Amino acid sequence: MIRKRIVEIIDEACNSCKEKGVLPHEISIYPIIEIPREEEFGDYSTNIAFFLAPKLKKNPQEIAKILIQNMRSGEVCEKVEPAGKGFINFYIRDEIWRNALKEVYDKGIAALFPHIGNGKKVLIEFVSANPTGPLHIGHGRGAVVGDVLSNILKKVGHEVVKEYYINDAGKQIQTLGESTYIRWRELKGEKVPYPGNLYQGEYVKDLAVLLIERNVSIPEDSEKAIKFMARFAGDTVMKGIMKDLVDFGVLFDSFYRESGLYEKGVVDDTIEMLRKKDYVYEKDGALWFRTSSFENDEDRVLVKSDGEKTYFASDIAYHRDKFERGFHTLIDIWGSDHHGYIPRLKASIKSLGKDKDSVKVILIQFVTLLKDGKPVGMSTRAGQFTTLKEVLDEVGKDAARFFFLMRKSDAHLEFDLDLAKKTSNENPVYYVQYAHARIESIFRNAKEEGIDIRSLRDEEVDVSLLTLKEEITIIKGILHFHDVMEGSARSLEPHRITFYLLDLVGKFHSYYNKTRVLGNDKQLTLARLLLLKMLQEVIRSSLEILGVSAPEKM
RNA sequence: GCGCCCGUAGCUCAGUUGGAUAGAGCGCAGCGCUCCGGACGCUGAGGCCGAAGGUUCAAAUCCUUUCGGGCGCACCA
């Protein structure tokens, strides 16, 4: 809002310079406004003079001075100064900040959400873990990133659908069936070897136990039995996954089955379409996709020489299907170990005639669980993974979600279980939630003194009484929410919200320690309550986006 | 061997997409309520941004090389 005013001021100054002949008319200007790191450099600054310098063959400092002379900034700015080697620093009047706060208060917190989505349809696909075992902590990280990202995109005006892709057509489900079958025979008292290529986890035994407990009738023929068990086990595991996700607060709009693509014939149809476009060829009895003619990658097999289609084949069909369902942007969230798959996918997107940037892949780096300062193993194959459920039971939903968002997704994450469990100041989740509860507590006390925060709107509140440096700082922090949301949405980086919150809340705690909110001066008290009201709403709104609760008491 | 990601304070990590004197939390050394929730705040020490070149008015950020860590390189999914 205020940022926009600064852009206008710069534009006007440039136009005025053009009229005076100081700037050539044909020059086009895209002022970049940033928030300086140092407070003493003002609230906003622009580096525009640096860009003009080579074109005008003048030094940037001189240009900065000329621009400032031609600025009509008095309404918004306390002062505008040339600085450094050619920066222009803008110092916003305190009353402008206060008025902006009042404006947001009057319009409601929604006024802080940027409108950049324009209703464009986004399909965000995440988790998509094969139903061959319970979700582990790595899936949990992807789940939160996807969930929170979709919250962010919705808030900025996108239409978002969250989808889970179930790979139920591949060999892994078959393997799960075999694994269950062998465990089942063991339970029947047979001495059968358990091959190492089967799933080793305890949960496979549980599946077999379930079959016996429920007295399920198993086909005599071993092949049929395996097939039956594959389906049974897959469905059962999938139900467990769904429950874990719900417990984690991650709700999907759609579960999309790979097998459905085959049943509808979409896979064959897509291969046929690629064949017509001459994007495929036969070699060694297999059908190959010309990946190399689109991206820097090798050609890949779509149909194996035994006639079976590869995962890649159905994946092309899947993405085609997503586009045909009317989505403008597709977001895929994968474990970072799949990064080698990106060129292939991008190539296939091009072959569908789509812009490769219409698909965005977010990679989730590994999570290391720490207990007593030592890493905990989590290999699925070895059967000693730490499941998402275990972590949830241990630290709770709020801490788990928050911790997953404390790193950008493409960076390794060390998840300290002991820290997440602590109900103390060391735990960042509590630091944030405590601020929310603390503000609420002030409101409770205010009510006892006869001021009900809910009827604050009936009062004449004079925000010009908010003159403390800390108060202006908090106002700026509240308004900054807008920029953070925009940046987070554009870069698809949900962790920015977490860092913003920690920073914002720190400002509050500091203010709280120095300043009494409730006092004898009723007008001042009302003004401060309004400030805290808006602060609390931003905190609550941010926590809501993160899917973390905002307690009124702790 | 080829490709991708990461190397920033003792530890865990940010760094506004190329900006000014590099930040936070934890840890460490101190300090602070007769007062709205001490689950808090304040002060201090701590750095050649892995290394070397290059591009630029300006580099932690971009390019090249190099070292260290992780992950990929299937007619698996």
Side-chain angles (χ1 to χ4, degrees), chain A residues 32-38 40-41 45-47 49-51 53-54 59-61 83-87 89 128 130 132 167 169-173 175 258 283-288 296-298 300-312 314-315 335-343 363 365-366 370 373 406-408 410-414 416 419 422-431 433-435 437-446 448-449 480 483-484 486-487 490-491 495-496 498-499 502-503 506 508-519 525 528 553-554:
Chain A
I32 293 175
I33 310 291
E34 54 191 18
I35 298 172
R37 193 175 44 234
E38 300 289 329
E40 58 185 293
F41 295 144
S45 77
T46 180
N47 54 4
F50 291 110
F51 287 99
N59 83 55
Q61 291 175 337
K85 291 173 182 164
F87 291 97
N89 293 341
S128 299
N130 294 338
T132 54
N167 301 124
K171 202 188 265 176
Q172 301 192 4
I173 289 290
T175 306
E258 183 185 9
K283 193 183 86 178
D284 305 332
L287 189 71
W288 297 69
N296 184 19
D297 192 33
E298 296 165 35
R300 304 290 174 174
V301 169
L302 295 180
V303 184
K304 299 190 260 179
S305 51
D306 65 4
E308 268 195 55
K309 281 123 196 158
T310 60
Y311 174 82
F312 183 40
S314 59
D315 211 26
S336 63
D337 53 335
H338 289 77
H339 67 76
Y341 190 81
I342 294 176
L363 297 175
Q365 266 289 3
F366 290 138
L370 292 181
M406 286 203 304
R407 303 282 174 268
K408 55 183 169 196
D410 60 357
H412 285 266
L413 170 66
E414 294 208 338
D416 189 332
L419 178 62
K422 272 186 193 163
T423 54
S424 78
N425 52 348
E426 294 160 69
N427 190 338
V429 192
Y430 283 84
Y431 187 68
Q433 290 181 321
Y434 182 53
R438 216 176 198 186
I439 294 172
E440 190 60 35
S441 164
I442 295 174
F443 293 163
R444 280 194 297 269
N445 291 327
E448 279 181 22
E449 292 179 25
H480 189 49
D483 293 357
V484 173
E486 178 164 349
R490 286 196 195 283
S491 62
H495 75 280
R496 294 191 189 202
T498 317
F499 283 92
L502 285 166
D503 182 61
F508 163 70
H509 285 309
S510 180
Y511 173 64
Y512 178 90
N513 266 275
K514 249 186 254 180
T515 319
R516 245 196 102 83
V517 175
L518 306 175
T525 298
R528 287 180 173 166
K553 280 183 188 173
M554 306 173 59

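Throughout, protein chains are lettered first and strands after them, A, B, ... in sequence-line order, and every chain is numbered starting at 1. Owing to the predicted nature of the structure, the values given are computational and were not obtained by experimental measurement.
Checked by atom type and distance alone, the side chain of A:Asn427 pairs as donor or acceptor with a backbone atom of A:Leu419 at under 3.5 Å. For the pair A:Asn89 (side chain) and A:Phe41 (backbone), a donor-acceptor distance under 3.5 Å is present.
Across all strands shown, B:G18 forms no Watson-Crick or G-U wobble pair with both key distances under 3.5 Å. Across all strands shown, the partner of B:G72 is B:C2, judged by Watson-Crick or G-U wobble contacts whose two distances both fall under 3.5 Å. Taking a pair to require two hydrogen-bonding distances under 3.5 Å in either a Watson-Crick or a G-U wobble arrangement, B:C62 pairs with B:G54. The partner of B:C11, taking Watson-Crick or G-U wobble pairs whose two distances both stay under 3.5 Å, is B:G25. When Watson-Crick and G-U wobble pairs are counted only if both distances are under 3.5 Å, B:G30 pairs with B:C42.
In this structure A:Phe50 satisfies the ring pair (Phe, Tyr, Trp, His ring centres under 6.0 Å) test together with A:Phe87, sequence neighbours excluded. Remark: A:Lys514 engages A:Glu470 in a side chain to side chain contact (heavy atoms under 4.5 Å, CB included) (not counting sequence neighbours). Qualifying side chain to side chain donor-acceptor pair (under 3.5 Å) partners for A:Asp297, counting only residues two or more places apart in sequence or in other chains: A:Arg300. Checked against side chain to side chain donor-acceptor pair (under 3.5 Å), A:Lys309 has the following partners two or more places apart in sequence or in another chain: A:Asp268. The ring pair (Phe, Tyr, Trp, His ring centres under 6.0 Å) search around A:Tyr434 returns A:His509, not counting sequence neighbours. For A:Tyr512, the ring pair (Phe, Tyr, Trp, His ring centres under 6.0 Å) criterion is met by A:Phe508, not counting sequence neighbours. Taking the salt bridge (Lys or Arg N to Asp or Glu O under 4.0 Å) definition, one finds that A:Arg490 meets it with A:Glu486, sequence neighbours left out. For the side chain to side chain donor-acceptor pair (under 3.5 Å) test, residues two or more places apart in sequence or in another chain that qualify with A:Asp315 are A:Tyr341. For A:Asp503, the side chain to side chain donor-acceptor pair (under 3.5 Å) criterion is met by A:Lys507, not counting sequence neighbours.
In the set B:G37, B:G19, B:A14, the nucleotide with an atom closest to the side chain of A:Phe87 is B:G19. Considering only side-chain atoms of A:Glu38, the nucleotide from B:G23, B:A20, B:C6 that sits closest is B:G23.
Taking atom P in both B:A24 and B:G41, one finds a spacing of 13 Å when rounded to whole Å. The C1' atoms of B:A20 and B:U61 are separated by 15 Å, rounded to the nearest whole Å. Taking atom C1' in both B:G10 and B:G38, one finds a spacing of 27 Å when rounded to whole Å. The gap from the P atom of B:C4 to that of B:C62 amounts to 13 Å, rounded to the nearest Å. B:G25 and B:U17 have their P atoms separated by 23 Å, given to the nearest Å. Taking atom C1' in both B:G15 and B:U8, the straight-line distance is 9 Å, to the nearest Å. Going from the P atom of B:A51 to that of B:G47 covers 14 Å, rounded to whole Å. Comparing the same atom, C1', in B:U55 and in B:A74 gives a spacing of 41 Å after rounding to whole Å.
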Polar atoms only, N or O, under 3.5 Å: list the protein pairs with nucleotides 9-13 of chain B and their distances.
residue, atom, partner, partner atom, Å
B:U12, O2', A:Arg407, NH2, 2.4
B:C13, OP1, A:His412, O, 3.3
B:C13, O5', A:Arg407, NE, 3.1
B:C13, O2', A:Arg407, NH1, 3.4

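In B:U17 the base sits syn relative to the sugar, since the glycosidic angle is no further than 90° from 0.
Contact check, A:Arg438 against B:G38: a side-chain N or O comes under 4.0 Å of OP1 or OP2.
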How would you summarise protein contacts on nucleotides 41-49 of chain B per nucleotide, using B for base, S for sugar-phosphate only and - for none, with heavy-atom distances below 4.0 Å?
SS-------
Per-nucleotide protein contact string for nucleotides 71-77 of chain B, where B marks a base within reach and S marks sugar-phosphate only (heavy atoms under 4.0 Å, - for neither):
BS-SBSB
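In terms of heavy-atom proximity, A:Arg528 sits nearest to A:Arg516 at NH1-O, 2.9 Å.
Remark: the A:Asn89 side chain and the B:A20 base include a donor-acceptor N/O pair separated by less than 3.5 Å.
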